[in-house]
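The structure appears right after this line, and notes come after that.
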Amino acid sequence: MIINGIRFARKCSECGTGMNEGYVIENGCEYYCSDPCLHKHVSAEEFLELFDDGEGDTYWTEWEDESEWDDEEEEAAA
């Protein structure tokens with residue numbers, strides 16, 4: 001994803017910030033850049049249940065392999 005000419009792996013589902021690291025919820029249904037954005041939608045307890053001791057499809061990650069990044073152009077917010 002490209003926002004204002006800067007390339008990011010994903011966009012935060014809450015605040016819209018471009019992100020190259022953050023929370024993945026339920027295998028990509030939602031993405032959050034920070035604890036405050038995450039906890040507006042998912043409590044700490046809910047996150048731990050979804051994380052399932054590392055066996056779930058909810059986790060924190062860093063996207064390092066740029067081949068997996070979304071190159072969709074986003075228009076700058078006015």
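The backbone N or O of Phe51 lies less than 3.5 Å from no partner atom in the side chain of Thr58, so there is not a single donor-acceptor pair. Judged by distance alone, the side chain of Asn27 and the main-chain N or O of Asp57 form no donor-acceptor pair under 3.5 Å.
The OH atom of Tyr31 sits 14.5 Å away from the CG atom of Leu38 when rounded to the nearest 0.5 Å. Considering CZ of Arg10 and OG1 of Thr17, their distance stands at 15.5 Å, rounded to 0.5 Å. For the atom pair OH (Tyr59) and CG (Leu50), the distance works out to 12.5 Å, reported to the nearest 0.5 Å.
Every residue meeting the ring pair (Phe, Tyr, Trp, His ring centres under 6.0 Å) condition with Tyr32, not counting sequence neighbours, appears here in chain and number order: His41. By the ring pair (Phe, Tyr, Trp, His ring centres under 6.0 Å) test, His39 pairs with no residue at all, sequence neighbours left out.
Across all non-hydrogen atoms, the minimal contact from Cys12 to Cys15 is SG-N, 3.5 Å. Taking all atoms of both residues into account, the shortest heavy-atom contact from Met19 to Phe8 is N-CD2, 3.5 Å. Closest heavy-atom contact between Val24 and Trp63: CG2-CZ2, 3.6 Å.
Residue pairs meeting the salt bridge (charged side-chain N to carboxylate O under 4.0 Å, His left out) criterion with at least one member in residues 26-52, sequence neighbours excluded, are Glu14-Lys40.
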